[in-house]
Structures are given as structure tokens and as C-alpha cells.
2 protein chains.
Amino acid sequence: MMGIMGRWQSGASGRLKDAALGLFLTQGYDGTTVAEIAAAAGLTERTFFRHFADKREVLFVDQDEFERVFLSGLPERAEDPMTMIVGVLDGAAALFPEDRRPWSRARRSVIAANEALQERELLKMSSLAMALTRALTARGVDAASAALAAETCVTVFRTSFALWVAEGERRTFTEIQNAVLARLQALLT
Amino acid sequence: MMGIMGRWQSGASGRLKDAALGLFLTQGYDGTTVAEIAAAAGLTERTFFRHFADKREVLFVDQDEFERVFLSGLPERAEDPMTMIVGVLDGAAALFPEDRRPWSRARRSVIAANEALQERELLKMSSLAMALTRALTARGVDAASAALAAETCVTVFRTSFALWVAEGERRTFTEIQNAVLARLQALLT
DNA sequence: TGGGTGATGTCAGTTACTGACATGACGCTA
DNA sequence: TAGCGTCATGTCAGTAACTGACATCACCCA
């Protein structure tokens with residue numbers, strides 16, 4: 001472990017993430033420079049860019065872990081696409097317990113206030129859909145159906161997530177997501 | 001009236017668009033500076049940024065016109081969401097006649113090679129979905145169904161477009177899109 | 001005890017983007 | 001025809017995101 005005054009305190013990446021989110025919440029994303037974030041974490045601007053590919057990425061590194069867990073909910077056995085998608089959605093819902101809702105709201109408010117951050121979030125969702133598409137084709141689903149099923153799966157998740165952070169504490173994520181899926185099926189009948 | 005034109009040579013915006021696309025195709029997006037684009041169009045960097053909000057936008061200004069036409073395919077009378085969506089998709093297909101396919105391919109290749117451009121495209125699609133959501137709610141559809149229907153509509157369009165530029169000249173856009181929609185309905189049964 | 005490794009600092013440089021102000025052609029009007 | 005206002009453009013200085021090259025310093029290990 002490191003001494004208090006050591007040049008290298010551990011958890012540089014985590015400190016940068018915390019400092020960034022805090023500054024974004026108080027000053028806004030555009031009103032915060034990378035140099036400020038780094039200084040708040042006791043580091044330099046150059047070090048920030050060694051931990052994150054760009055300024056936006058500091059809010060999205062956790063998303064990579066999310067993608068991994070999200071995809072792990074996919075059944076190994078090849079069944080019909082719809083069954084697999086439901087499996088993924090059930091697994092995803094478990095990632096958003098009730099006590100994470102306030103944190104998700106705060107984060108959401110930062111992203112909602114900035115178009116550049118929305119772009120990055122959309123890219124992450126797109127990458128998620130593409131990964132899901134690959135996983136489905138690897139399980140024998142034809143390319144067109146796989147792309148469609150994956151996109152639909154992500155759409156259901158995104159819509160459910162938006163409702164979950166927007167509404168009160170009435171329904172759990174799972175309940176919301178089941179309702180969204182049922183509604184989509186009704187819509188296309 | 002040339003109110004919209006410049007005073008010396010007209011069509012500054014168009015010249016910048018053409019120069020940009022040409023340079024992106026030969027040098028790549030990252031390998032091309034805004035100063036180069038402006039010089040190729042006989043203008044200065046500063047003028048480029050008076051016509052386009054940022055470097056990426058030069059490839060997406062046409063998209064705004066596209067959004068307008070896309071939404072104009074929405075029936076005025078309030079029917080069920082599914083019927084309205086089919087109307088929008090039919091109208092959208094008319095925007096992509098066979099002779100536009102090579103141009104779409106070229107443009108697609110530039111965007112596919114750069115993540116920043118993909119982000120912008122996703123943002124445009126998202127804005128399209130939100131506009132469609134608003135239009136649907138304005139026609140009496142409840143918020144949740146409207147969001148879901150709009151997202152699904154855009155998903156079908158995007159999937160169809162991807163297939164259209166990817167495959168040969170066998171099927172028209174309309175044929176592809178109808179097949180995609182049918183497949184989605186079968187998927188969710 | 002000395003060297004290798006890896007995370008950090010330092011610094012110079014490029015490029016996207018912006019604000020402030022100057023300029024020069026065009027249209028309008030007296 | 002002269003004068004005047006407008007507006008797209010040019011010029012210039014400045015900020016901030018990001019990068020490459022090289023130095024430094026703590027830690028581990030032989």
C-alpha cells in the first residue's frame with residue numbers, strides 16, 4: 001500500500017471518475033476542464049488521458065463492465081431468438097436494484113444536459129446491440145433476425161431504463177421491463 | 001433572389017460539403033483538417049464553422065431535410081400506432097431510389113470508418129425517434145407506446161437501410177423494409 | 001544494491017472551435 | 001451617382017481537447 005504522501009496513491013482511475021462526476025454535477029460538463037478534474041484528483045491532465053481515451057469516456061468506463069454482464073445473461077443453448085432476448089432482459093434487470101436508482105438519476109441528469117454525452121451513450125448502446133447480434137448469430141440465428149432481435153432488445157432495455165429513472169419508486173425495473181415488452185408485442189400485432 | 005448565397009461565389013455551403021466528402025474519401029476523416037476543406041472550397045476555416053456547427057456536421061446537414069420528409073409521411077388522422085408507423089416507413093422508402101444506392105454506399109463507407117461519425121449518426125437517428133415520439137403523442141398515442149413505436153420504427157428503418165447498402169441490387173428498399181417488418185412481427189409472436 | 005518495470009510528470013505541438021473586430025461587395029434609397 | 005446599411009467573409013488571438021517524446025520516481029526482484 002502507498003503512504004499518504006507517496007507519489008502514487010492507488011485508485012487513480014477511481015479518483016478521476018469521482019472528481020469528474022462531482023465537478024460535472026456542480027459546474028456542468030462544458031464548464032469543467034480536464035485539467036480541473038485531474039487537479040481535483042491530485043493528478044495532471046496528461047495522466048487523465050492515460051486512463052480515459054477522451055473526456056467523455058470518464059463517465060462511461062463502467063459501461064464496458066455493464067456490457068459484459070448484460071451479455072452474460074444470454075442462454076448458451078440455441079433456442080428461438082425471442083426466448084434468448086427475454087433471458088438477457090431478465091439478467092439486465094438484476095443490474096438495477098432499487099438502491100441504484102438515485103445514483104442513476106444523478107448520472108442521467110448530467111448526460112441529459114449535454115449532447116456530446118448523449119452521443120457517447122448512444123454509441124455504447126449501439127456497441128451493445130452489435131455484440132448481442134454477434135452472440136445471436138454465433139448461436140445459429142440468421143443475420144437479419146439477429147440484428148433485429150438485438151436492436152429490439154436494446155430498445156426495450158433503454159425504454160425501460162428511461163421509465164425507471166423517470167417515475168417514482170412504484171415499480172421495480174423488472175416490472176417495468178416486463179410491461180414494456182408486453183406493450184411492444186401488443187403494438188406489433 | 002440570392003438572399004441565401006454569398007456575395008462573391010454562391011453556394012459556399014455546397015462547395016464545402018463537396019470538398020469535405022471528397023477529401024474524407026481519399027484521406028480519411030481524421031487525416032483531413034478543416035483548414036484543408038475550407039481551402040479546397042476557396043474559403044477559410046472560420047467560414048467553415050459559420051456554416052457547420054462542427055467538423056462532423058458537414059456530413060449530416062442533409063439529414064435535417066431527411067428528418068422533415070421522414071416525418072411528413074406520418075398520417076394526420078389518429079389511427080392505431082402500427083398503421084401510422086407503416087405509413088412513415090412507406091414514405092421513407094421513397095427517399096431511397098435505386099440510383100442513390102452507390103452514393104449511399106460511399107457515404108456509408110466514410111462513416112463506418114470513424115467512431116465519431118457513427119456517434120453523430122446515432123444522435124440524428126435518436127433525434128428522429130424523439131420527433132416521431134412527439135408527433136405520435138400529439139395524435140393521441142400514450143407516451144410509453146409512442147416512444148416504443150417510434151424507436152421500433154427507426155430500428156426497422158436503420159436495419160433496412162443497412163441491408164440495402166450491404167447487399168447487391170436484388171431487392172428495392174421497399175421490398176427489404178417490408179421483409180424486415182414482417183420478420184420483426186414474426187419474432188415477437 | 002542495482003536494474004527493470006510501470007505509472008506519472010513535463011513540455012511542446014496540433015487541431016477543433018470561439019469571440020471580437022475589420023473588410024468588401026451588394027442592394028437600397030435619396 | 002453617391003452614400004449607407006447589411007451580411008457573408010477574412011483576420012487574429014485565444015481556449016481547450018488531445019498526442020508524442022522524454023524524464024522521473026516509486027516499487028519489485030534478482
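Numbers restart at 1 for each chain; the letters A, B, ... are given by sequence-line order, proteins then strands. Here the structure is a predicted model, which is why all the values come from computation and not from measurement.
Rounding to whole angstrom units, CD1 of residue A/Ile37 and P of D/dA17 are separated by 8 Å. The distance from atom CD of B/Glu45 to atom C1' of C/dT14 is 11 Å, rounded to the nearest whole Å. Atom P of nucleotide C/dG19 and atom CG of A/Asp30 are separated by 12 Å, given to the nearest angstrom.
When the side-chain nitrogen and oxygen atoms of B/His51 are compared with OP1 and OP2 of D/dT9, one or more of them lie within a distance under 4.0 Å. For the pair B/Thr47 and D/dG10, the criterion of a side-chain N or O lying under 4.0 Å from OP1 or OP2 is met. Phosphate contact (OP1/OP2 of C/dG9, side-chain N/O of A/Thr44, threshold under 4.0 Å): present.
Between B/Phe173 and B/Phe157, the ring-plane angle classifies as tilted under the 30° and 60° cut-offs.
Position along DNA chain D of the nearest nucleotide to A/Arg46 versus A/Thr33 favours A/Thr33 as the more 5'-ward residue.
The closest side-chain donor-acceptor pair between A/Thr155 and A/Thr152, if any, does not fall under 3.5 angstrom.
A donor-acceptor contact under 3.5 angstrom links the side-chain atoms of A/Arg50 to the base of C/dG9.
Ionic pairing of B/Arg171 and B/Glu98 is not present here: no N-O contact between side-chain nitrogen and carboxylate oxygen is shorter than 4.0 angstrom.
The shortest side-chain heavy-atom distance between B/Trp164 and B/Arg105 does not fall under the 4.5 Å cut-off.
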